[in-house]
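Since the structure comes first, as structure tokens, the remarks are kept for the end.
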Number of protein chains: 2
Amino acid sequence: MGTPQPSRQPTLDEVAALAGVSRSAASRVINNAPHVSRAKREAVERAIAELGYVPNPTARALATSQVGSVVFAMPNDDPAAFGDPFFAQVVRGVSAELAKTDLELMLVAAPSPHGRDRLRRLVRARRADGVMLMALSGDDPLAHLPEETGIPVVFGGRPLHVQPRWYVDVDNRASARLAVEHLLRTGHRRIATITGPLDTDVATARHHGFRDAMAEAGLPADRVAAGDFTETGGAAAMTRLLDAFPDLDAVFAANDDMAAGALRVLRAHGRDVPGDVGVIGFDDLPAALHTDPQLTTIHQPIEALGREMARMLVALLAGERPCPIILPARLVERDSVRARPLTG
Amino acid sequence: MGTPQPSRQPTLDEVAALAGVSRSAASRVINNAPHVSRAKREAVERAIAELGYVPNPTARALATSQVGSVVFAMPNDDPAAFGDPFFAQVVRGVSAELAKTDLELMLVAAPSPHGRDRLRRLVRARRADGVMLMALSGDDPLAHLPEETGIPVVFGGRPLHVQPRWYVDVDNRASARLAVEHLLRTGHRRIATITGPLDTDVATARHHGFRDAMAEAGLPADRVAAGDFTETGGAAAMTRLLDAFPDLDAVFAANDDMAAGALRVLRAHGRDVPGDVGVIGFDDLPAALHTDPQLTTIHQPIEALGREMARMLVALLAGERPCPIILPARLVERDSVRARPLTG
DNA sequence: TGACCCCCCGGGAGCGCTTCCAAATTGATC
DNA sequence: GATCAATTTGGAAGCGCTCCCGGGGGGTCA
């Protein structure tokens with residue numbers, strides 16, 4: 001509260017003067033550093049309260065060369081990236097974790113080359129102390145941001161060909177395997193998969209998981225169609241699968257959107273889900289509840305992903321050297337897979 | 001390009017030294033201020049290129065007391081605010097406009113009291129030069145941010161009881177009227193409305209538009225149920241309407257989500273849309289294409305809203321005194337309204 | 001009582017930039 | 001060729017903070 005400060009905020013000097021101490025002492029109180037007597041500390045605190053003093057972050061940044069904010073970059077090709085519920089959840093986690101610190105969060109969308117330049121400029125000018133970067137596809141040049149700029153960068157997911165020093169990821173391979181194993185366990189044998197774009201790590205990892213499970217079961221893993229993580233792409237891929245492998249009895253889609261597309265096409269072709277064909281997705285976004293039937297899928301800890309990214313970055317800024325984190329995912333059984341009698 | 005700067009960025013002094021001019025001159029070149037000879041200007045530019053110099057925004061901020069970034073705040077109660085396609089579009093517009101300047105955009109979610117405090121602290125500490133604030137409901141204390149802090153604030157939509165100095169809004173009243181007039185023109189007479197929460201300006205304005213049109217047509221405007229802008233709320237309201245006014249032949253829902261809810265309930269009650277009942281929504285979000293039948297609705301220029309907010313804030317920061325802006329919306333005819341024969 | 005240490009304290013030098021101001025230069029004019 | 005205005009120039013004072021450092025002041029131990 002205090003009286004409203006019409007234009008000029010009080011400065012540390014004014015606080016010091018009012019408290020009758022040196023500026024250094026006042027500074028120590030604010031940063032609660034040691035070596036200040038109880039009496040002076042209290043005097044300063046009183047002065048701060050009376051003046052309604054708020055430290056000027058800019059001045060502090062100049063003196064410490066730490067700006068006190070971090071950026072979360074969304075290099076999504078999808079122009080609607082901001083509306084993407086996946087990102088929304090990640091950001092929520094990031095935000096929650098950062099709220100515990102006094103770091104400010106800057107969200108920047110860097111979908112276009114132009115946006116990427118903007119991000120790069122931002123980082124070069126050190127307008128942020130650190131960066132969180134989401135899953136880059138293929139040979140995105142942004143993957144080299146850490147070396148280029150020397151700024152701490154935490155990746156969410158891994159770029160395809162670069163092994164970043166610091167990242168948080170979901171165990172896509174093992175989780176995909178989990179999904180396929182569920183299909184196997186429930187008696188499916190002629191299992192197909194709809195992959196994501198294979199120039200991303202997520203998609204290839206999930207595809208590997210599919211192959212792992214099939215190999216272990218001694219089954220062929222050649223019923224494959226590539227999608228692009230969209231509903232439409234999933235539908236198209238499903239159409240091709242149905243065409244090439246009319247006998248399939250289950251499909252593992254590398255994400256929920258594609259699974260939804262597959263569901264649509266299966267119904268259009270008169271295949272009952274889960275009666276004739278079992279379908280399993282990946283992500284467990286809210287949309288998975290709105291398909292008909294409700295989608296059995298792999299639940300990713302998306303918010304936790306964001307939280308861990310933020311936590312890792314904070315650790316990094318504090319000079320620690322955290323380890324990469326691989327988050328587990330789990331199966332969520334709903335209605336698109338049902339146990340079926342074993343047939344040849 | 002240039003050689004990679006391992007840790008320390010070059011400073012203005014170094015540029016000046018290399019160019020053989022004073023720091024003041026170098027500064028003038030950078031801010032392309034007048035009073036620099038052609039020769040020196042070029043020398044400085046060469047030095048900048050050679051050193052790969054990037055001005056330090058923090059230092060500049062301290063000297064000018066302008067930090068060079070603005071914040072867009074989303075005081076949405078919906079915890080999934082970030083995923084909201086409406087906000088996504090606004091942000092896209094803001095972002096596009098700001099890309100023309102060298103202002104940085106900070107997105108802050110301020111749904112909780114805690115988040116609001118964070119925003120307030122941010123502003124008090126002058127970590128931003130200006131604020132864009134979206135539609136506040138009821139008596140949100142954030143509505144007084146401008147007076148409290150003296151910082152330039154542009155509103156998107158208007159708070160209910162406060163007339164802000166600077167805002168961009170859609171002409172909700174006139175547009176709602178447009179919607180209802182369309183219903184009238186197509187031969188509907190027993191028209192009901194599902195309003196939004198009436199502690200918001202949007203909702204009351206759209207309700208007024210409904211009443212305007214009905215009054216003009218000499219029809220009663222008493223078929224009213226309040227919703228909350230959600231699909232579920234819309235469905236509940238529709239149920240109540242059907243109960244109280246079984247003879248209704250059309251409904252104007254104050255947004256698309258509620259219209260979707262209404263559609264669902266109407267179908268469940270065996271009413272054909274548009275055959276028995278015409279339904280019209282408001283917003284024209286992407287979801288309006290995914291209802292069955294596709295929704296006739298009012299298209300809001302959402303991205304333009306964001307663009308204009310940003311443009312206005314930029315003008316404000318440049319010391320201009322822009323006028324509030326009211327954006328027009330337009331009717332989009334799809335399949336949920338059909339011309340019907342006039343009956344008593 | 002003197003030597004030594006540990007705290008507390010304030011002075012002051014930055015951090016990298018903008019900007020005022022007075023001095024120096026230029027050029028045009030009589 | 002001298003005078004005056006217009007332009008260009010660099011010195012220096014900040015912006016508000018952090019943090020190093022050296023100077024006391026009080027305690028402890030021989």
Side-chain angles (χ1 to χ4, degrees), chain A residues 5 7-45 47-48 51-69 102 104 124-127 129 317 319, chain B residues 5 7-45 47-48 51-69 102 121 124-127 129 317 319:
Chain A
Q5 307 298 326
S7 62
R8 223 178 54 76
Q9 293 278 353
T11 72
L12 188 55
D13 281 290
E14 289 163 14
V15 170
L18 181 59
V21 305
S22 72
R23 185 181 43 213
S24 324
S27 174
R28 278 181 213 116
V29 171
I30 287 175
N31 302 298
N32 47 32
H35 307 311
V36 40
S37 67
R38 189 178 169 74
K40 301 224 168 203
R41 165 159 277 131
E42 280 168 0
V44 171
E45 275 159 0
I48 288 177
L51 258 31
Y53 171 74
V54 178
N56 178 326
T58 303
R60 181 176 290 186
L62 186 58
T64 61
S65 54
Q66 297 244 83
V67 296
S69 60
D102 41 32
E104 227 53 64
R124 295 217 48 172
R126 279 290 190 286
R127 286 185 85 128
D129 296 323
L317 294 180
Chain B
Q5 307 299 327
S7 61
R8 222 177 55 76
Q9 293 277 355
T11 72
L12 188 55
D13 280 290
E14 289 163 13
V15 170
L18 181 59
V21 305
S22 73
R23 183 178 44 213
S24 326
S27 174
R28 279 182 213 114
V29 171
I30 287 175
N31 302 298
N32 48 32
H35 307 310
V36 182
S37 67
R38 190 179 169 72
K40 301 225 168 201
R41 165 158 277 131
E42 280 168 359
V44 171
E45 274 160 0
I48 289 178
L51 258 31
Y53 171 74
V54 179
N56 179 326
T58 303
R60 180 176 289 187
L62 185 59
T64 61
S65 53
Q66 296 246 80
V67 295
S69 60
D102 41 33
R121 282 216 327 269
R124 295 218 47 173
R126 280 290 190 285
R127 285 185 86 128
D129 296 323
L317 294 180

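Letters A, B, ... mirror the listed sequences (proteins, then strands); counts begin at 1.
Of the inter-residue distances, the one linking B:L62 atom CG with A:N56 atom CG reads 6.5 Å to the nearest 0.5 angstrom. Rounding to the nearest 0.5 angstrom, the gap separating the OH atom in B:Y53 from the OG1 atom in B:T11 is 7.0 Å. We find the OG-CG distance between B:S69 and B:D102 to be 11.0 Å, quoted to the nearest 0.5 Å. Here the straight-line distance linking atom CD of A:Q66 with atom OG1 of B:T58 works out to 11.0 Å at 0.5 Å rounding. One distance of note links CZ of B:R23 with CG of B:L12; it measures 7.0 Å at 0.5 Å rounding.
Position along DNA chain D of the nearest nucleotide to B:L62 versus B:S37 favours B:S37 as the more 5'-ward residue.
No contact: B:P34 has no heavy atom under 4.0 Å from any strand.
In the helix from C:dT1-D:dA30 to C:dC30-D:dG1, the rotation axis of the first five pairs and that of the last five pairs differ in direction by 40°, rounded to 10 degrees.
B:T64 places a side-chain N or O within 3.5 Å of a backbone atom of B:R60 that can act as its donor or acceptor partner. A donor-acceptor contact shorter than 3.5 Å links the side chain of B:Q9 to the backbone of A:R124.
One atom, CD1 of B:I30, and another, P of C:dC17, lie 7 Å apart when rounded to the nearest Å. Rounded to an integer number of Å, the gap from A:E14 CD to D:dC15 C1' is 13 Å. In this structure, B:Q66 places its CD atom 17 Å from P of C:dC17, rounding to the nearest Å. The distance from atom CZ of A:R127 to atom P of C:dG16 is 17 Å, rounded to the nearest whole Å. Put simply, CZ on B:R41 is 12 Å from C1' on D:dT8, counting in whole angstrom units. Nucleotide C:dC17 holds its P atom 10 Å from the CD1 atom of B:I48, rounded to whole Å. As a whole-Å value, the separation of A:D13 CG from C:dG10 C1' is 12 Å.
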*Derivation and outcome, side chain to side chain contact (heavy atoms under 4.5 Å, CB included), residues A:V67 and A:R127*: CA-CA 6 Å; A:V67 296; A:R127 286 185 85 128; 5.7 Å; no

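Contact check, A:S22 against C:dG10: a side-chain N or O comes under 4.0 Å of OP1 or OP2.
Taking only side-chain atoms of B:R60, from C-beta outward, the nucleotide of C:dT18, D:dG10, C:dG16 with the closest atom is C:dT18. Distance from the side chain of B:L12 is smallest to C:dT18 among C:dT18, C:dC9, D:dG16. Relative to the side chain of A:H35, the nucleotides C:dG16, C:dC7, D:dT9 differ in distance, and C:dC7 lies closest.
When each of B:R28, B:R41, B:K40 is paired with B:V21, the side chain to side chain contact (heavy atoms under 4.5 Å, CB included) condition holds for B:K40 and for no other.
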What protein N or O atoms touch nucleotides 19-24 of chain C N or O atoms at under 3.5 angstrom, if any, and at what distances?
none

